[in-house]
Amino acid sequence: MKEDKCGRLKNELNQEITALKQFLNQYNQGPIPVKYAMYTNIVSAGYRFKNHLQHDLVDECNREEYKGWFEKKSKDDKIIKFFVDERDRLEHESVLKVTTGFFISNLSLPSDLLKYGPQPLNATGFFMDGLGIGWTIMQQDGSMFKLYVNLPENQVKTFIIPTSLPNDLKKYTIDQLLTYYVNYLENAFKEVEKEFD
């Protein structure tokens, strides 16, 4: 019975870490709205994974020696603490606050936009804002609508910066911090994976 529960837990944790890696991949490739959604997913799912790994290893596999081990293991890690605190902010405020921006390495407008599809009907021009680059389109009622174009990152790299990021972590990009966090969780799983056999 214990083996069945542990085997099931191992499979669930494998699925969860796979999902976290997919969220990270989508974050790296997405425009700002996708980046924000995947950032939120990683913060939430990472916390759930951490708790699932630690508590269920004790409860389902009867490994009392792992009680509190993740907290001990990560207690001096400022990056892990940031993501745990960020999850607490998400729980209490229902939203994570970020600023957005982009870095242009080379761009020629509107020709680079046209490489990724024809100019949309009723486009009046193009725009750049904190969320990205795209076409400005006049709607039938005369209002303007922004249609974002997802350009390759070797031309335009979009990014988010959590407003709660501590000063000592600002030397890292959020991409680096997220990669570290997901890898840390995966390595924590690998560290105890032998307990499932």
Side-chain angles (χ1 to χ4, degrees), residues 1-98 100 150 152-153 157-166 168-169 172-197:
M1 186 70 171
K2 173 188 156 187
E3 289 76 15
D4 290 344
K5 285 183 177 180
C6 284
R8 189 165 56 249
L9 175 60
K10 180 180 178 180
N11 289 337
E12 289 170 2
L13 290 167
N14 264 318
Q15 290 171 6
E16 289 176 25
I17 202 66
T18 298
L20 277 164
K21 288 157 81 174
Q22 289 171 346
F23 294 152
L24 181 61
N25 186 49
Q26 290 173 48
Y27 173 90
N28 288 330
Q29 296 179 9
I32 290 288
V34 171
K35 285 186 186 306
Y36 181 76
M38 293 306 108
Y39 175 67
T40 303
N41 284 350
I42 291 169
V43 166
S44 181
Y47 187 85
R48 188 171 54 251
F49 175 84
K50 171 188 81 73
N51 284 340
H52 193 191
L53 174 62
Q54 177 174 298
H55 298 302
D56 288 353
L57 190 62
V58 173
D59 297 341
E60 302 294 331
C61 299
N62 197 28
R63 298 308 304 251
E64 285 295 321
E65 66 270 30
Y66 282 95
K67 198 167 208 165
W69 73 274
F70 191 93
E71 280 74 14
K72 290 175 195 161
K73 169 186 173 63
S74 63
K75 74 181 172 98
D76 295 323
D77 193 307
K78 293 178 181 178
I79 296 173
I80 301 305
K81 181 179 183 330
F82 166 71
F83 282 110
V84 170
D85 290 347
E86 195 77 331
R87 175 9 185 93
D88 289 343
R89 281 185 279 277
L90 180 61
E91 182 177 27
H92 293 105
E93 300 173 26
S94 301
V95 66
L96 293 171
K97 295 175 184 163
V98 299
T100 62
N150 195 19
E153 291 215 336
K157 181 167 178 57
T158 57
F159 55 87
I160 64 173
I161 302 171
T163 58
S164 55
L165 194 64
D168 55 348
L169 295 184
Y172 304 109
T173 66
I174 192 61
D175 309 45
Q176 292 169 322
L177 295 173
L178 285 168
T179 299
Y180 178 90
Y181 185 51
V182 171
N183 287 342
Y184 191 98
L185 294 174
E186 182 177 27
N187 289 332
F189 174 58
K190 287 177 179 174
E191 186 179 319
V192 299
E193 198 169 12
K194 62 186 181 295
E195 304 298 343
F196 295 101
D197 295 332

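In this text the structure is predicted, and so the values were computed from the model without any measurement.
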- Query: Roughly how far apart are Thr158 OG1 and Ile32 CD1, rounded to 0.5 Å?
  - Reply: 4.0 Å
- Message: Restricting to non-hydrogen atoms, name the atom on Phe49 and the atom on Leu185 that form the minimum distance, rounded to 0.1 Å.
- Response: CE2-O, 3.5 Å
- Query: Name the one of Glu91, Glu86, Glu93 that satisfies side chain to side chain donor-acceptor pair (under 3.5 Å) with Arg89?
  - Reply: Glu86
- Query: Under the ring-ring contact (aromatic ring centres under 6.0 Å, His included) test, which residues partner Tyr47, sequence neighbours left out?
  - Reply: none
- Using the test salt bridge (Lys or Arg N to Asp or Glu O under 4.0 Å), find all partners of Asp168 that sit at least two apart in sequence or belong to another chain. Lys78
- Taking side-chain contact (heavy atoms from CB on, under 4.5 Å) as the test, write out the residues that go with Tyr172, two or more places apart. Leu169, Gln176, Leu177
- Item | Leu96 and Pro162, any side-chain heavy atoms less than 4.5 Å apart | no
- Item | Beyond-backbone contact of Val98 with Tyr36, side-chain heavy atoms, under 4.5 angstrom | yes
- Working to the nearest 0.5 Å, report the span between CG of Leu57 and CD of Glu64. 10.0 Å
- Say whether, by atom type as modelled, one donor and one acceptor occur between the side chain of Ser44 and the main chain of Thr40 under 3.5 angstrom. no
- How would you list, by chain and number, every residue that makes a side-chain hydrogen bond (donor to acceptor under 3.5 Å, both in side chains) with Gln29, sequence neighbours excluded? Asn25
- Query: What residue pairs, at least two apart or across chains, pass salt bridge (charged side-chain N to carboxylate O under 4.0 Å, His left out) with a residue in residues 19-41?
  - Reply: Lys21-Glu186, Lys35-Glu153
- Note on the structure: Rounded to the nearest 0.5 angstrom, the CD1-CZ distance for Ile17 and Phe189 is 8.0 Å
- Item | Set of residues satisfying side-chain hydrogen bond (donor to acceptor under 3.5 Å, both in side chains) with respect to Lys73, sequence neighbours excluded | Glu191
- Query: Say you draw a straight line from CG of Leu178 to OH of Tyr39; how long is it, rounded to the nearest 0.5 Å?
  - Reply: 6.5 Å
- Item | Set of residues satisfying ring-ring contact (aromatic ring centres under 6.0 Å, His included) with respect to Phe23, sequence neighbours excluded | none
- Do Lys10 and Asn14 have side chains that get closer than 4.5 Å, going by heavy atoms? yes
- Task: Mind checking the CD-CG spacing from Glu16 to Leu9? Nearest 0.5 Å is all I need.
- Result: 8.5 Å
- Return the set of residues passing salt bridge (Lys or Arg N to Asp or Glu O under 4.0 Å) with Asp85 (not counting sequence neighbours), or none when no residue passes. Lys81
- Message: To check you understand the geometry: which heavy-atom pair defines the closest contact between Asp77 and Tyr184, and what is its length?
- Response: OD2-CE1, 3.6 Å
- Residue pairs passing the salt bridge (charged side-chain N to carboxylate O under 4.0 Å, His left out) test where at least one lies in residues 45-59, sequence neighbours excluded: Lys50-Glu71
- For Asn183, what residues pass the side-chain hydrogen bond (donor to acceptor under 3.5 Å, both in side chains) criterion, not counting sequence neighbours? none
- Are Thr179 and Tyr27 side-chain neighbours, meaning at least one heavy-atom pair lies under 4.5 Å? no
- Task: Under the ring-ring contact (aromatic ring centres under 6.0 Å, His included) rule, collect the residues that match up with Tyr181, sequence neighbours excluded.
- Result: Phe83
- Query: Got Leu20 and Leu24 here, is their nearest side-chain heavy-atom distance under 4.5 Å?
  - Reply: no
- Can you name the side-chain hydrogen bond (donor to acceptor under 3.5 Å, both in side chains) partners of Asp88, sequence neighbours left out? none
- Task: State, with a plain yes or no, whether a side-chain heavy atom of Val43 is found less than 4.5 Å away from one of Phe82.
- Result: no
- To the nearest 0.5 Å, tell me how far Ile79 CD1 sits from Ser74 OG. 12.0 Å
